[in-house]
2 protein chains.
Amino acid sequence: MTNSASPLGALLCFDVYAVNLAFGRVYKPLLEPLGLTYPQYLVLLTLWSRDGQTVGHIGAGLGLDSSTLTPLIKRLEAAELVTRTRDPQDERRVIVSLTGRGRNLQSEASHVTACIAKATGLTAPEIVQLQSTLAKLRTALHDGVEGPAPAGPARKGPRQ
Amino acid sequence: MTNSASPLGALLCFDVYAVNLAFGRVYKPLLEPLGLTYPQYLVLLTLWSRDGQTVGHIGAGLGLDSSTLTPLIKRLEAAELVTRTRDPQDERRVIVSLTGRGRNLQSEASHVTACIAKATGLTAPEIVQLQSTLAKLRTALHDGVEGPAPAGPARKGPRQ
DNA sequence: ACCTATTATATCGCCTGCGATATAATAGGT
DNA sequence: ACCTATTATATCGCAGGCGATATAATAGGT
């Protein structure tokens, strides 16, 4: 036992790291025919579930900053999958909306999610359990950085 | 239920993605005083557990390719934390070994793992359970890409 | 010994991911 | 109305992450 002082937490981040990269590698060949990268797909997933979100809102969901999202979304815009328009109510906000092409891509991508679900090799209850633990973990990690938020709503994204 | 066709697998990769980034953000302020990035720390973790591994071996553990590891390890070398020497038995291999400074850093970083374990907000059994599921998931995702490996040892890293 | 296939690492270009910073718009206090 | 603080997005530089490719060393067949 060379490192008995760091058994659990360290290995956990290790596993999450490797699984995340493994997910990316499984998705890549499925997304390539659609002309999408994995993070771009995650942004589209967000928009398919609710269209017309602001950059900040999308970032809060994925844990990404505008410095990452702005160029990514501009590439989606260049591919004519989304449009970016300033919110007339608050000109600071940029509202990202799906184009027809962007919406149509959801059905083209539907088999992707089916493939992935199969590739996980997990049963439905296992997935539910895993998601629940990961959600808990994510909240705890955020609170650990920002402080447990003694009152008021916890900050969700980076630099919100 | 707007997207009842993609409930489980899609959200799962979403969660893994966000948790991985959250881990990185928790580690960053702890590793910054040590002059390490999060991936560099993961490579050092690998070497602390077993010194003198080849680039390929380190990559297999983390799921990384030489195209990612070579520059990263060169930065560790520039920081005088590791040395890179060709294996005399097989000149293709590069053996990465800890320097004295690299070894000493393990004790300096010991409190980091303690902080993280606390920040996860999970109980020990929960962590064990989570690790087990993630390990299973990682294997399944690899097999999904490479084929279920009908016989013989499954390929572990990317392009091994 | 020679020729070819494979293996291990390295290089390059592009897309993330993020800290630091900039810019513009809103909010709030006076 | 004015001044300042805050908020939302954008820009820049650097460190990953990876596909495609290059290079050098080993392995295997003839």
Side-chain angles (χ1 to χ4, degrees), chain A residues 17-29 31-32 35-43 53-60 62-79 84-96 145 155-160, chain B residues 17-29 31-32 35-43 53-60 62-79 84-96 145 155-160:
Chain A
Y17 182 87
V19 166
N20 183 50
L21 294 182
F23 257 125
R25 272 190 291 274
V26 172
Y27 270 106
K28 185 154 304 194
L31 295 176
E32 206 153 65
L36 293 175
T37 67
Y38 181 46
Q40 285 168 6
Y41 170 73
L42 294 177
V43 168
Q53 296 188 56
T54 66
V55 171
H57 211 94
I58 296 170
L62 287 165
L64 290 175
D65 198 52
S66 71
S67 53
T68 299
L69 279 178
T70 297
L72 187 157
I73 292 174
K74 283 188 173 180
R75 278 185 280 269
L76 290 179
E77 189 185 29
R84 302 177 336 116
T85 52
R86 291 279 166 182
D87 183 350
Q89 314 287 269
D90 183 343
E91 291 279 343
R92 291 172 301 181
R93 300 175 194 267
V94 168
I95 298 183
V96 184
V145 173
R155 286 168 54 178
K156 290 182 353 189
R159 296 199 262 146
Q160 295 293 312
Chain B
Y17 181 86
V19 166
N20 183 50
L21 295 182
F23 257 125
R25 273 191 291 273
V26 172
Y27 270 108
K28 185 153 304 192
L31 295 176
E32 206 153 63
L36 293 175
T37 66
Y38 180 47
Q40 286 168 6
Y41 170 72
L42 294 177
V43 168
Q53 295 188 57
T54 66
V55 172
H57 210 92
I58 297 171
L62 287 164
L64 289 176
D65 197 54
S66 71
S67 53
T68 299
L69 278 177
T70 296
L72 187 157
I73 292 173
K74 284 189 172 178
R75 278 186 281 271
L76 290 178
E77 189 185 29
R84 300 176 339 115
T85 53
R86 290 279 166 183
D87 184 349
Q89 314 289 269
D90 184 342
E91 291 279 344
R92 290 172 302 180
R93 300 176 194 268
V94 168
I95 298 182
V96 184
V145 173
R155 285 169 55 182
K156 291 183 350 193
R159 294 197 265 146
Q160 294 293 314

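Labels below follow one simple rule: chain letters A, B, ... track the order of the sequence lines, proteins then strands, and each chain is numbered from 1. Everything numeric here is computed off the predicted structure, so don't read it as measured data. Reckoned from all heavy atoms, side chains included, excluding hydrogens, waters and symmetry mates.
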Distance check needed: [N] [atom2] versus [X] [atom1], whole Å only.
{"X": "Arg86(B)", "N": "dT26(D)", "atom1": "CZ", "atom2": "P", "answer": "10 Å"}
{"X": "Leu69(B)", "N": "dG17(D)", "atom1": "CG", "atom2": "P", "answer": "9 Å"}
{"X": "Asp65(B)", "N": "dA8(C)", "atom1": "CG", "atom2": "P", "answer": "12 Å"}
{"X": "Tyr27(B)", "N": "dG19(C)", "atom1": "OH", "atom2": "P", "answer": "17 Å"}
{"X": "Gln89(A)", "N": "dT7(D)", "atom1": "CD", "atom2": "C1'", "answer": "17 Å"}
{"X": "Phe23(B)", "N": "dG16(D)", "atom1": "CZ", "atom2": "C1'", "answer": "18 Å"}
{"X": "Tyr38(B)", "N": "dC18(C)", "atom1": "OH", "atom2": "P", "answer": "12 Å"}

Once you apply the 3.5 Å cut-off to both distances, tell me the Watson-Crick or G-U wobble partner of [N], or none.
{"N": "dA10(C)", "answer": "dT21(D)"}
{"N": "dG28(D)", "answer": "dC3(C)"}
{"N": "dG16(D)", "answer": "dC15(C)"}

Given [options], the nucleotide with the shortest approach to the side chain of [X]:
{"X": "Asp90(B)", "options": "dC18(D), dG17(D), dT26(D)", "answer": "dT26(D)"}
{"X": "Val55(A)", "options": "dG16(D), dT9(D), dA25(D)", "answer": "dT9(D)"}
{"X": "Glu91(B)", "options": "dG19(D), dG17(D), dT26(D)", "answer": "dT26(D)"}
{"X": "Thr68(A)", "options": "dA10(D), dG17(C), dT9(C)", "answer": "dG17(C)"}
{"X": "Pro39(B)", "options": "dT11(C), dA10(C), dG16(D)", "answer": "dG16(D)"}
{"X": "Leu64(B)", "options": "dT11(D), dT9(D), dG17(D)", "answer": "dG17(D)"}

Under 3.5 Å, is there any donor-acceptor pair linking the side chain of [X] to the base of [N]?
{"X": "Ser66(A)", "N": "dA10(D)", "answer": "yes"}
{"X": "Arg92(A)", "N": "dT7(D)", "answer": "yes"}
{"X": "Thr37(B)", "N": "dG16(D)", "answer": "no"}

Where [X] and [Y] come nearest, the two heavy atoms and their spacing:
{"X": "Leu69(B)", "Y": "Val43(B)", "answer": "CD2-CG2, 3.9 Å"}
{"X": "Arg92(A)", "Y": "Arg86(A)", "answer": "O-NH1, 2.8 Å"}
{"X": "Gly24(A)", "Y": "Tyr38(A)", "answer": "CA-CD2, 3.8 Å"}
{"X": "Pro71(B)", "Y": "Ser66(B)", "answer": "CD-O, 4.0 Å"}

Does the side chain of [X] get closer than 4.0 angstrom to OP1 or OP2 of [N] through an N or O atom?
{"X": "Gln40(B)", "N": "dG16(D)", "value": "yes"}
{"X": "Arg75(A)", "N": "dT16(C)", "value": "yes"}
{"X": "Arg93(B)", "N": "dT9(C)", "value": "no"}
{"X": "Arg25(B)", "N": "dG17(C)", "value": "no"}
{"X": "Lys74(A)", "N": "dT11(D)", "value": "yes"}

Scan Leu72(A) against the nucleic acid and name what it touches under 4.0 Å (heavy atoms): base, sugar-phosphate only, or nothing.
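Counting heavy atoms under 4.0 Å across all strands, the contact made by Leu72(A) is with sugar-phosphate only.
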
For Leu21(A), which contact category applies under a 4.0 Å heavy-atom criterion: base, sugar-phosphate, or nothing?
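Sugar-phosphate: the residue Leu21(A), judged by heavy atoms under 4.0 Å, touches backbone atoms but no base.
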
Thr85(A) and side-chain contact (heavy atoms from CB on, under 4.5 Å): which partner among Val96(A), Ile95(A), Val94(A)?
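In the set Val96(A), Ile95(A), Val94(A), the residue that makes a side-chain contact (heavy atoms from CB on, under 4.5 Å) with Thr85(A) is Ile95(A).
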
Residue closer to the 5' end of DNA chain D, Glu32(A) versus Ile95(A) (nearest nucleotide):
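Taking each residue's closest nucleotide, the earlier one in sequence belongs to Ile95(A).
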
Start with the C-alpha distance between Arg93(A) and His57(A), add both sets of side-chain angles, then the distance that settles side chain to side chain contact (heavy atoms under 4.5 Å, CB included), and finish with yes or no.
CA-CA 10 Å; Arg93(A) 300 175 194 267; His57(A) 211 94; over 6 Å; no

